[in-house]
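Residue numbering restarts at 1 for every chain, and letters A, B, ... go by the order of the sequence lines.
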There are 2 protein chains.
Amino acid sequence: MSIDTARHEEVRRKLAAQARQADPRVEALVNEIIGRVADKWTMIVIDVLAEHGELRFTGIARRVPGISQRMLTRTLRQMEREGLVQRTVHPVVPPRVEYRLTDLGLGLGDAFCGVWIWAERNLEKIEQARAEFDARERGG
Amino acid sequence: MSIDTARHEEVRRKLAAQARQADPRVEALVNEIIGRVADKWTMIVIDVLAEHGELRFTGIARRVPGISQRMLTRTLRQMEREGLVQRTVHPVVPPRVEYRLTDLGLGLGDAFCGVWIWAERNLEKIEQARAEFDARERGG
DNA sequence: CGGGATCCTTATGGATACTG
DNA sequence: CAGTATCCATAAGGATCCCG
């Protein structure tokens, strides 16, 4: 193990210990949050809202290709429930509903930046690992 | 908006732009990775392996309460396929199989530390937001 | 326009039994 | 010990229709 790797791991241990510190509620919340964020749409919605600041329902739908309006509604409701987005209804006809990230939602986006950067940096390693694994499986 | 919030957002935008930069493959990979990590067990397994360095199948199972052996097998196989863990089979009886995180897996754990810290810091805000939302819903 | 309600298909995951 | 194989319950998610 290189010195770099050793230091890397030391830092990681500290961070992990700090984050987990004997609080099962945090563990549960992290799992919920990750579960939510990983529900395939939430992260994308956070991303879109972070980029554009404030959008209407249809505006979000247009920028999240493939999402059904049912899923968009549900996603936004859950995000609203957890305080990640603020939903503003303008009482006009036709209805006008604006969504924007709260500071909490923005913060969650920030927190996931590390994951994005990691993914970008390790994209090829993962694809290579997959290819090697699949080759091994087919071979033996 | 406070100066702090403004700077915060500026940083965030830069990071997001850097992470996403016109590469749809990264976007797809992030979704896959988040999806994987969010599959309820992967993150916990990463955590356990990061803490203990190297463990056998049963050792992991013991430290991940509630996981079925089916799910543990599947989780470890997928992690292996993506190069997150290394699986070492010692040809003895009874079989002895050791699992440990690769540098890639360790890095992914690091990347998610930000999310853990965020969750820890915002635990109460989220619970409060949920309570308020639910109260609003029930009320009208 | 911004949803709610319903139906239906698929994916996920637990329990259990068996094996080299 | 470290899995594999099978079965089954539930949940996620898409398609569609309807409404204020």
Task: Counterpart residues, side-chain contact (heavy atoms from CB on, under 4.5 Å), relative to B:Q69 (two or more places apart) - done: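 Result, side-chain contact (heavy atoms from CB on, under 4.5 Å) vs B:Q69: B:F57.
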TODO: Under the side chain to side chain donor-acceptor pair (under 3.5 Å) rule, collect the residues that match up with A:E98, sequence neighbours excluded.
DONE: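 Residues passing side chain to side chain donor-acceptor pair (under 3.5 Å) with A:E98: A:R96.
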Open item on the list: B:Q78: which residues meet the side chain to side chain donor-acceptor pair (under 3.5 Å) condition with it, sequence neighbours left out?
Closed with: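 In terms of side chain to side chain donor-acceptor pair (under 3.5 Å), with neighbours along the sequence ignored, B:Q78 is linked to B:R36.
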TODO: Check DNA chain C against residues 70-94 of chain B and give the residues with a non-hydrogen atom under 4.0 Å, in numerical order.
DONE: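 Those residues are B:R70, B:M71.
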Open item on the list: Is any side-chain heavy atom of A:T75 closer than 4.5 Å to one of A:M79?
Closed with: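 A side-chain contact exists here, since the closest heavy-atom pair is under 4.5 Å.
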Collect all protein-nucleotide pairs involving nucleotides 17-19 of chain C in which both atoms are nitrogen or oxygen and the distance is under 3.5 Å.
from   : atom 1 : to    : atom 2 : distance (Å)
C:dA17 : N6     : B:Q69 : NE2    : 3.0

Open item on the list: Could you work out, with ring-ring contact (aromatic ring centres under 6.0 Å, His included) as the rule, every residue matching A:Y99, not counting sequence neighbours?
Closed with: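 Scan of A:Y99 (ring-ring contact (aromatic ring centres under 6.0 Å, His included), adjacent residues dropped) gives none.
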- [ ] For B:G66 and for A:V97, find the nucleotide of DNA chain C with the closest heavy atom, then tell me which residue's nucleotide is more 5'.
- [x]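 Mapping each residue to its closest nucleotide by heavy atoms, the 5'-most match is A:V97.
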With [X] via salt bridge (charged side-chain N to carboxylate O under 4.0 Å, His left out) - residues at least two apart:
| X | result |
| --- | --- |
| B:R87 | none |
| B:R74 | none |
| B:R81 | A:D134 |

TODO: Figure out the OH/P separation between A:Y99 and C:dC1, and round it to whole Å.
DONE: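 Going from A:Y99 (OH) to C:dC1 (P), I get 14 Å.
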- [ ] Using whole Å, report how far CD of A:E98 lies from P of C:dC1.
- [x]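 About 14 Å, once rounded to whole Å.
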